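Accompanying notes for the structure given below.
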Amino acid sequence: MSGGADLVGEEVSAAGYAETVRGRGAIAFIMLRDGTGHIQAFAKRDNMKEATFEALQSATRESTIQVTGTVAQKRPPKTKEGEPAPPAEYEITVSSATILSSAAAPLPVGVTDDVKVGLDIRLDNRYLDLRRAHVNAMFQLRSKVLQYGRDHLISEGFNEMNSPKIIASASEGGTNLFPMMYFDTPAFLSQSPQLYKQLAVLGGLERVFEIGPAFRAEKHDTYRHLNEFISFDIEGAWMNDEDVMCVQERMIHHIWTEVAANDQHLIDVINEYKTSQDEDLVTVDVPELPFPRISYCDAIEIVKNGGGEIEWGDDIESHHCDIIAAEHSGFHFLPRWPMAMKPFYIYHNEAEKGTTGGQLSRGFDLNYGRDEMTSGGQREHRVDVLEQNLRNMDLNPEDFTFYTDGFRYGAPPHAGWGLGVARLLMVLTGAGNVREVVLFPRDRSRVTP
RNA sequence: GCCCCGAUGGUGUAGUGGCCUAUCAUGUAGCCCUGUCGAGGCUACGACCCGGGUUCAAAUCCCGGUCGGGGCGCCA
């Protein structure tokens, strides 16, 4: 709906949401909006049926309207003395119109109102919230991020797969699962595609990825957690932890590069809103490769030196991450965690010990600033070690035969990771809450819409 | 699960015991003007989360509930 000089005098039809309806008496201005932009429809009482004009003039905001008429150059606005005339704009002089669907008034969430709306109200009315330009831009960006990530993994030879979301038993342990009934059998919603990715690799697919939902029945209530989230997961045969970290940083680098090259207009829309809210603007700074690697042992030292209370073997908590983020504000990997803190399927090399002699693993995290984006690692492919790990973690190997049996017939060393899509988007869009970048988030207290 | 905070028109807010018949913006409805363009001017409409309690008097203080926000834990 932009331009128009070459269309002047042509008859056209256009449909969209009525963003504003102005004018009384014999004229009306309707600003129509669709996915491509805005166009003003100019209606004169004398130019159409009386009923049509009345319907247009009294149309409520956000009603969908189709107009037919001729393209004309707008009359230029009055400008102050000495100011240059603005560039020519075009409009449709309406000859006929149809109200396709009338919007109720008032709107629960104003689409163009200069009033800040709370997140909860916005999420209750997401279909209207999504009509706001910056919100729409964020979800277009989300689509792009998924596309670029997928493109990149395919370019590195990964096969897209889908794993079951209804599972019979916990796939990792640790987190709480949502129980459900699968006909007459108790079952759960999957917390991760982890074990199934591995089974696919063992079966010879070699390099797989999945973009799919994961469910966690944890009663967390923070800006970065949801109970249903989409994760970007990969698994690759003949790879170790360092290999898949490289895959990941190349993928993120590719996503940022492509967004910077193709989607700056979406970032601009987001920044226009941020400007109006006095918020910091976002910039698409393509991160340098390689990302810093800060081993767990080094991270402990950084936290200690920064005044944090922590000992080797402790988890690196959010307030510790703040200390690390002061030195490494962007993306950074945290490899080589203690084996005792990692799940049973993570690989360890008996020769690799930490500064206090504890067994290290080949598990790693990727953080951006204080926030964890990823966890991943090289996987244990030796079935006897796998079963010993299960016993060490008070899990019964008998319960995991559906998984461990896959390792009895020759297993390639392999590695992989899972990346929270929404968390990556928070970084890219500067969103302060994961709910901003999830269309219909599921959290502790929200199951609708 | 733990700690802290909050709930006022459709939306965002002001208000900390009587000045509240509750502020402002936005909205909605209407009028005026009008080829507006973030249009403008005028008028009207519309709210103190629920239940107890304290007090002569409660939007305001106390208790409980509900809902929401922030932080932590846990994680992606």
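Because only heavy atoms are used, hydrogens play no part in the values below, and waters and symmetry mates are left out as well, while side chains stay in. Remember, it's a predicted structure, so these values are computed and weren't measured experimentally. Chain letters run A, B, ... following the sequence lines, proteins first, then strands; residues in each count from 1.
Partners of Thr374(A) according to the side chain to side chain donor-acceptor pair (under 3.5 Å) rule, which considers only residues two or more places apart in sequence or in another chain, are Gln248(A). In this structure Gln40(A) satisfies the side chain to side chain donor-acceptor pair (under 3.5 Å) test together with Glu91(A), sequence neighbours excluded. Partners of Asn367(A) by side-chain contact (heavy atoms from CB on, under 4.5 Å), not counting sequence neighbours, listed by chain and number: Cys321(A), His332(A), Leu334(A), Asp365(A), Glu372(A). Residues passing the side chain to side chain donor-acceptor pair (under 3.5 Å) test with Ser63(A), sequence neighbours excluded: Thr60(A). Residues forming a side chain to side chain donor-acceptor pair (under 3.5 Å) with Asp151(A) (at least two apart in sequence, or on another chain): none.
Side-chain nitrogen and oxygen atoms of Arg423(A) include none within less than 4.0 Å of the OP1 or OP2 phosphate oxygen of rA76(B).
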Protein-nucleic acid N or O pairs under 3.5 Å, nucleotides 44-48 of chain B:
none

Expected rows: protein N/O vs nucleotides 23-30 of chain B N/O, under 3.5 Å:
unit_1: rU26(B); atom_1: O2'; unit_2: Asp113(A); atom_2: OD2; d: 3.4
unit_1: rG27(B); atom_1: O3'; unit_2: Arg61(A); atom_2: NH2; d: 3.3
unit_1: rU28(B); atom_1: OP1; unit_2: Arg61(A); atom_2: NE; d: 2.9

Pairs under 3.5 Å (N/O, protein and nucleotides 71-73 of chain B):
unit_1: rC72(B); atom_1: OP1; unit_2: Arg370(A); atom_2: NH2; d: 2.7
unit_1: rG73(B); atom_1: OP1; unit_2: Ser318(A); atom_2: N; d: 3.4
unit_1: rG73(B); atom_1: OP2; unit_2: Ser318(A); atom_2: OG; d: 3.3

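No side-chain donor-acceptor contact under 3.5 Å links Tyr196(A) and Glu210(A).
Pairs passing the salt bridge (charged side-chain N to carboxylate O under 4.0 Å, His left out) check and including a residue from residues 425-440 of chain A, sequence neighbours excluded, read Arg122(A)-Glu436(A), Asp221(A)-Arg435(A), Arg435(A)-Asp443(A). Each ring-ring contact (aromatic ring centres under 6.0 Å, His included) pair with one or both residues in residues 10-35 of chain A, not counting sequence neighbours, appears once here: Phe29(A)-Phe42(A). Contacts classified as ring-ring contact (aromatic ring centres under 6.0 Å, His included) and involving residues 98-152 of chain A (residues at least two apart or in different chains) are given here: His134(A)-Tyr273(A), His152(A)-His254(A).
Backbone-only engagement by Asn433(A) is indicated by non-hydrogen atom pairs under 4.0 Å involving sugar-phosphate atoms exclusively.
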Query raised in the report: Based on Watson-Crick and G-U pairs with both distances under 3.5 Å, what dot-bracket line describes RNA chain B 5' to 3', crossing pairs as [ ] and inter-strand pairs as |?
Result: (((((((..(((.....[.....)))((((((.......))))))...(((((..]....))))))))))))....

